[in-house]
Amino acid sequence: MLLVVTYSRAARQALRNACRSHGDAVVQRFGRAALLEASEFGAFLALRLRAEHGPDVQVEHTGPLVAGR
């Protein structure tokens, strides 16, 4: 999964729009952040946000958290 965190109002709006338009690539949304599928399209959305808003968008590759380990 890809964790996308936004730090500016414009970046949050762009993330919100991307999540609404491309809900099939969104795993979960958390206001200022979203988990996107680790697919080519999810990566494209994350990198497009990063390219448009620069340091106001942080992208991290994450894995699922498994309880009990």
Side-chain angles (χ1 to χ4, degrees):
M1 289 184 278
L2 298 170
L3 176 64
V4 179
V5 182
T6 58
Y7 297 104
S8 71
R9 179 174 283 168
R12 284 193 302 273
Q13 181 65 42
L15 178 63
R16 195 172 316 130
N17 291 341
C19 288
R20 285 181 187 156
S21 300
H22 307 291
D24 54 328
V26 178
V27 176
Q28 193 166 1
R29 191 154 180 310
F30 308 101
R32 292 179 182 250
L35 282 172
L36 303 179
E37 289 186 2
S39 64
E40 291 176 358
F41 188 63
F44 170 75
L45 290 175
L47 292 177
R48 185 171 155 204
L49 285 167
R50 176 74 179 170
E52 289 178 9
H53 299 282
D56 291 338
V57 175
Q58 180 180 355
V59 178
E60 295 289 331
H61 185 262
T62 64
L65 180 64
V66 179
R69 282 191 174 179

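In this text, all values refer to a predicted model and were calculated from it rather than measured experimentally.
- Between V26 and L36 the shortest side-chain heavy-atom distance falls below 4.5 Å.
- Contact record, L45 with H22: CD2-CD2, 3.7 Å, taken as the closest heavy-atom pair.
- A donor-acceptor pair under 3.5 Å is formed between the side chain of T6 and the backbone N or O of R32.
- Neither L47 nor V57 shares a network with the other; the hydrophobic side chains, linked directly or stepwise wherever heavy atoms of I, L, V, M, F, W or Y lie under 4.5 Å apart, form separate groups for each.
- Of all heavy-atom pairs between Y7 and P55, the closest is CD1-O, 4.2 Å.
- The side-chain heavy atoms of L35 and T62, taken from C-beta on, include a pair separated by under 4.5 Å.
- With hydrogens and angles disregarded, no donor-acceptor distance shorter than 3.5 Å links the side chain of R16 to the backbone of A18.
- Considering all non-hydrogen atoms of both residues, A38 and M1 come closest at CB-N, 3.5 Å.
- Using a 4.5 Å cut-off between side-chain heavy atoms of Ile, Leu, Val, Met, Phe, Trp and Tyr, with links allowed through other members, V27 and L15 fall into different hydrophobic clusters.
- Counting all heavy atoms, side chain and backbone alike, C19 lies closest to R29 at SG-CD, 3.5 Å.
- Looking at heavy atoms from C-beta onward, L49 lies in side-chain contact with V4 at the 4.5 angstrom threshold.
- Under the 4.5 Å side-chain contact rule for hydrophobic residues, F30 and V59 do not share a cluster.
- Side-chain atoms of H61 and L2, non-hydrogen and from C-beta on, do get closer than 4.5 Å to each other.
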